[in-house]
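The structure displayed is predicted, hence computed values, not measured ones.
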Amino acid sequence: MNENQSAEVKTGVFYRNLILNGIVILLCVIFAVQVFLFIREASAYMKVYEADEGTLIQEVNSQMYEMLVENVYRNEALGVPVKGDMAEIYAAAHYYEAAMLYNAHQKAGSAQQAEEKYAQMQAYEEQLGDYAFVKEEIWAFLGMDTENIK
């Protein structure tokens, strides 16, 4: 090989190495960005958010009692401070839960357990305040016959 061909070969090898190194660096940057995005998405997925008063009121008005109970328990677990009508809404959620279990126990013939749930219903009924209207809505929602309720 002459000197001219040797220089061309060296230059070709240099450019080929430069391109390959550039591709490796680009792939490393893409990988790092993907790892960052994955970690950010995973951390956001694991967060538990509290339900505010407006959301709880909307769930009561829409008769979404299952979601209401879930959000109330989540708020209680997170230690969310009770503000405004939230205490009465919490009572409505607990009333729904007790009424649902009362209805199930009564239909199953478990008189003692139904009796316990009825006592809970009465306790939560006293705490309903402005949300006392939900009592009849819950009975209708659960298909409970008002004559069969104590």
Side-chain angles (χ1 to χ4, degrees), residues 11-150:
T11 305
V13 170
F14 173 76
Y15 285 128
R16 187 175 21 196
N17 285 341
L18 184 65
I19 290 171
L20 289 176
N21 287 338
I23 291 172
V24 168
I25 290 171
L26 179 64
L27 289 174
C28 287
V29 168
I30 290 171
F31 179 72
V33 168
Q34 290 299 321
V35 166
F36 171 75
L37 292 174
F38 173 77
I39 291 171
R40 190 178 75 180
E41 185 71 24
S43 66
Y45 177 75
M46 298 304 290
K47 288 183 181 174
V48 178
Y49 298 98
E50 64 185 53
D52 63 349
E53 183 180 5
T55 301
L56 298 176
I57 291 171
Q58 183 180 12
E59 290 169 353
V60 168
N61 291 334
S62 302
Q63 295 185 353
M64 297 176 11
Y65 298 115
E66 295 90 359
M67 184 65 75
L68 177 67
V69 171
E70 181 181 332
N71 284 331
V72 165
Y73 277 121
R74 182 180 301 118
N75 281 359
E76 289 175 342
L78 293 172
V80 175
V82 178
K83 301 177 255 178
D85 289 346
M86 288 177 75
E88 295 170 350
I89 295 170
Y90 282 23
H94 292 301
Y95 183 87
Y96 168 77
E97 184 179 28
M100 177 189 60
L101 292 172
Y102 167 78
N103 191 31
H105 289 307
Q106 190 178 43
K107 287 180 179 177
S110 304
Q112 181 183 2
Q113 292 171 324
E115 199 60 44
E116 292 170 6
K117 295 304 171 187
Y118 182 75
Q120 287 179 358
M121 286 170 57
Q122 288 179 320
Y124 290 123
E125 184 178 347
E126 295 171 5
Q127 300 171 20
L128 288 175
D130 293 338
Y131 289 86
F133 66 92
V134 299
K135 183 173 72 170
E136 287 83 18
E137 289 180 0
I138 289 172
W139 294 349
F141 184 80
L142 293 173
M144 296 170 62
D145 187 12
T146 55
E147 284 120 27
N148 289 342
I149 300 173
K150 290 230 173 187

Open item on the list: Strictly by salt bridge (charged side-chain N to carboxylate O under 4.0 Å, His left out), give each pair with a member in residues 48-64 just once, sequence neighbours left out.
Closed with: none
TODO: Measure the CD1-CG distance between Ile23 and Leu18 for me, rounded to the nearest 0.5 Å.
DONE: 10.0 Å
- [ ] State the CD-OH distance between Gln122 and Tyr102, to the nearest 0.5 angstrom.
- [x] 9.5 Å
Task: Minimum heavy-atom distance Asn61-Phe133, with the two atoms named - done: OD1-CZ, 4.5 Å
Task: Pairwise distance CE(Met67) to CZ(Arg74) - rounded to 0.5 angstrom - done: 7.5 Å
Open item on the list: How long is the straight-line distance from CG of Leu68 back to CD1 of Ile57, given to the nearest 0.5 Å?
Closed with: 10.5 Å
Task: Side chain proximity check, Glu137 to Tyr65, heavy atoms < 4.5 angstrom - done: yes
Can you give me every donor-acceptor pair (side chain of residues 86-98, partner residue at least two apart or in another chain, under 3.5 Å) with its distance?
unit_1 : atom_1 : unit_2 : atom_2 : d
Tyr90  : OH     : Asn75  : ND2    : 3.4
His94  : NE2    : Glu76  : OE2    : 3.1
Tyr95  : OH     : Trp139 : NE1    : 3.0
Tyr96  : OH     : Glu66  : OE2    : 3.2
Glu97  : OE1    : Tyr73  : OH     : 2.6
Glu97  : OE2    : Tyr73  : OH     : 3.4

- [ ] First locate atom NZ of Lys117, then atom OG of Ser110, and finally report the distance between them rounded to the nearest 0.5 Å.
- [x] 11.5 Å
Open item on the list: Testing the 3.5 Å rule here: is there a donor-acceptor pair between the side chains of Tyr124 and Gln120?
Closed with: no
TODO: Enter the distance from Glu115:CD to Gln112:CD here, rounded to the nearest 0.5 Å.
DONE: 9.0 Å
TODO: Answer whether the closest heavy-atom distance between the side chains of Val24 and Leu20 falls below 4.5 Å.
DONE: no
